[in-house]
Number of protein chains: 2
Amino acid sequence: MKLKEFAKQLGLSPTTVSRALSGYPEVSEITRARVAEEAVRLGYRPNVNAVRLKTGRVGAIGVVMGRAGEFHFAEFMAGMAEQLVGEDTDILVIPLADANYEEEMQLYRRLVESRRVDAIIMHSPRPNDERIALLHKLGMPFLVHGRSDIDVPHAWLDIDNEGAVRRATSHLMDLGHTRIAMINGRPGATYALHRDNGYRNALQVRGIEFDPELVASGNFTDELGFRFARSFLEQPNPPTAIVAGSMMTALGVYRAARSLGLQVGRDVSVIAHDDVFPYLSADNMAPSLSATRSSMRAAGTRCADLVLQLLAGRSASEIHELWPVELILRESTGPMR
Amino acid sequence: MKLKEFAKQLGLSPTTVSRALSGYPEVSEITRARVAEEAVRLGYRPNVNAVRLKTGRVGAIGVVMGRAGEFHFAEFMAGMAEQLVGEDTDILVIPLADANYEEEMQLYRRLVESRRVDAIIMHSPRPNDERIALLHKLGMPFLVHGRSDIDVPHAWLDIDNEGAVRRATSHLMDLGHTRIAMINGRPGATYALHRDNGYRNALQVRGIEFDPELVASGNFTDELGFRFARSFLEQPNPPTAIVAGSMMTALGVYRAARSLGLQVGRDVSVIAHDDVFPYLSADNMAPSLSATRSSMRAAGTRCADLVLQLLAGRSASEIHELWPVELILRESTGPMR
DNA sequence: TTTCGAAACCAAATCGTTTTCAAATTGGAA
DNA sequence: TTCCAATTTGAAAACGATTTGGTTTCGAAA
């Protein structure tokens with residue numbers, strides 16, 4: 001059913017029908033009601049592609065997804081979906097073809113030129129991320145989930161990674177630990193840098209010297225958690241506490257401790273960062289896991305909301321949200337013995 | 001840069017340019033090359049929305065995502081992305097607003113009417129799933145990931161859940177186990193039914209009576225894995241083996257066993273279904289986990305491919321793929337003691 | 001030289017909306 | 001009754017591509 005046909009059935013012009021459905025004021029309430037009602041009855045819906053061509057609006061937010069298929073991703077999107085449902089805005093997943101830097105810039109360029117999305121959400125930016133400069137230059141509305149210190153105005157939402165790790169590390173020192181290891185995410189991203197800062201900062205305040213033997217970084221996998229933790233704990237002068245980057249990492253760390261006959265929370269303390277997954281909770285681990293916590297799903301919801309605001313005209317340079325991170329103490333942390 | 005403008009710069013008509021870029025034969029190779037080259041140089045790209053309006057093709061595949069935000073989802077999509085990259089086809093995530101049945105049918109109806117996607121991929125269908133009948137009736141190309149026995153032609157790809165669980169259960173019986181528990185997914189979906197069939201079937205062949213006290217079902221979470229396993233193992237006549245529905249469930253089962261002082265692989269055998277996640281591998285668990293294995297990511301890739309074939313005109317009724325599931329034996333299974 | 005067919009190109013219609021600008025209707029005041 | 005402003009409605013021009021149905025060009029055959 002097309003607009004023209006539908007309008008004829010109603011004995012109205014396409015103009016009026018279009019206006020009635022789009023909520024313009026210059027149409028009487030009585031006609032509007034009739035149009036709305038008949039639209040449902042006769043099953044008329046505007047052709048999205050025609051609307052998009054005419055208005056220039058696409059009705060979709062692009063989310064760039066790395067090849068890795070991180071487990072965070074589904075949660076973030078589920079959060080976005082929560083906000084976007086009923087908003088007539090879709091989520092378009094943009095697969096990142098390649099790690100190749102030049103290709104990646106091309107991807108963004110093409111994405112903008114092809115006008116398939118109204119806005120973009122970008123994850124895990126680098127400190128000086130040229131993608132941000134590019135999107136800004138191209139005039140595409142975008143929001144960064146994470147942070148960058150590049151000197152270009154941009155909207156962002158980030159959690160306080162530095163503070164989170166600083167507090168976690170400090171707490172471990174409060175418990176008497178002085179040799180504390182940290183497993184970070186892949187180097188390059190700002191969040192990894194922030195976590196590193198938080199860690200070093202906490203040590204420095206207490207006058208504990210930084211030991212490069214006690215830090216490692218890589219993807220957030222169970223396997224790397226295990227391997228790094230093993231290598232830490234087998235050192236001649238092993239750490240008595242470990243700060244882990246993610247829940248998956250923590251699983252590996254627990255396993256490493258057990259494999260060496262060490263009891264988590266007694267022989268070795270562990271704190272991890274928890275994005276709050278419905279299928280794997282820190283509270284349920286054994287022993288229950290002390291964690292710095294911030295809901296990925298909530299971040300997704302808020303990011304979607306902020307993007308909508310951006311599209312509604314709010315200035316990108318006034319959208320900056322830094323979310324505090326909770327530190328939840330459970331059984332995996334205990335006093336140094 | 002618009003087509004008209006671009007064509008003028010080249011001294012050609014829009015017609016010829018359009019044809020040159022779309023690979024039509026009635027344009028000389030020499031002009032085609034020139035057009036292609038200049039398009040890159042001058043940065044001309046057809047406006048997607050105009051193309052879509054004119055051709056009726058949207059260039060997007062819709063994937064319906066449940067509210068739960070399952071961890072499988074990211075893997076499946078990463079797989080799809082692998083196939084779709086460079087295909088000029090996007091992935092559109094369709095959030096499922098509500099569990100309400102009527103609403104869900106409405107969602108599909110609106111989705112079709114709004115013409116935002118060329119095809120739909122649906123997950124976890126029910127045995128008699130009216131959504132399938134609806135999509136068929138509405139003439140929307142779609143592919144079902146999973147199976148339904150509804151009497152309507154439809155394309156599907158599924159893994160052999162029944163066979164997988166049957167083999168897993170049989171293997172446990174080969175090892176001498178006779179009391180075998182199973183943790184299934186949420187009842188309703190066909191895959192849960194198939195797994196149940198596989199389980200009962202295996203028991204029946206050996207003449208072991210089905211005990212309702214030994215089965216449970218629910219979301220695939222660590223927590224439920226733990227709770228169900230605990231309740232099984234604390235029964236007066238506890239099972240000596242457990243078949244678990246997912247990796248997360250298995251984590252809970254391991255935890256439950258440990259919490260009762262039981263050693264997995266010796267005191268209690270465990271087999272789980274593994275969708276192959278890059279961040280959590282059965283091989284790395286301690287003890288390593290015996291599993292029925294099938295890659296979710298590969299399924300995503302293949303599903304995307306099949307949808308493209310569907311859109312290219314291949315008949316839905318000839319697209320049926322049943323993937324075998326590997327049974328990988330590791331340390332978590334051992335002879336009955 | 002003329003004729004013909006294939007090869008290469010083009011003008012204009014079309015896809016289904018939104019929106020500008022103009023016309024018609026209405027209702028109250030004069 | 002007449003007039004005017006405010007309220008409703010419409011006709012037609014976009015939006016930017018694809019595609020139908022020609023027209024031109026060119027070389028070879030007649």
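Residue numbers start from 1 in every chain, and the chains themselves are labelled A, B, ... in the order their sequence lines are given, proteins ahead of strands.
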Any donor-acceptor pair under 3.5 Å linking the side-chain atoms of A/R116 with those of A/S114? yes
So what does [X] touch, heavy atoms closer than 4.0 Å: a base, only the sugar-phosphate, or nothing?
| X | answer |
| --- | --- |
| A/T55 | sugar-phosphate |
| B/R32 | nothing |
| A/S18 | base |
| B/R115 | nothing |
| A/R19 | base |

What is the distance, rounded to the nearest whole Å, between atom [atom1] of [X] and atom [atom2] of [N]?
| X | N | atom1 | atom2 | result |
| --- | --- | --- | --- | --- |
| B/R34 | C/dA8 | CZ | P | 14 Å |
| A/F6 | D/dG10 | CZ | P | 13 Å |
| B/Y24 | C/dC9 | OH | P | 17 Å |
| B/R57 | D/dT19 | CZ | P | 12 Å |
| B/I30 | C/dA7 | CD1 | C1' | 14 Å |
| B/L53 | C/dT14 | CG | C1' | 9 Å |
| B/E26 | C/dA11 | CD | P | 16 Å |

How long is the straight-line distance from CG of A/L111 back to CD1 of A/I120, given to the nearest 0.5 Å? 4.0 Å
Angle between ring planes, A/F142 versus A/H154, binned at 30° and 60°: parallel, tilted or perpendicular? parallel
Please tell me if B/Y44 has a side-chain N or O lying less than 4.0 Å from either OP1 or OP2 of D/dA17. yes
Given D/dT9, is OP1 or OP2 found less than 4.0 Å from the side-chain N or O atoms of A/T16? no
[X] side-chain proximity, nearest of [options]:
| X | options | answer |
| --- | --- | --- |
| A/L3 | D/dA17, C/dT18, C/dG16 | C/dT18 |
| B/T15 | C/dG16, C/dC10, D/dA17 | C/dC10 |
| A/L12 | D/dG10, C/dC10, D/dA17 | D/dG10 |
| A/K54 | C/dC10, D/dT8, D/dA14 | D/dA14 |

Any pair counted as side-chain hydrogen bond (donor to acceptor under 3.5 Å, both in side chains), so long as it reaches residues 23-32 of chain B, sequence neighbours left out: B/S28-B/T31, B/E29-B/R32
Side chains of A/F76 and A/H123 in contact at under 4.5 Å (non-hydrogen atoms): yes
Of A/T31 and B/N49, the one whose closest nucleotide on DNA chain D sits nearer the 5' end is A/T31
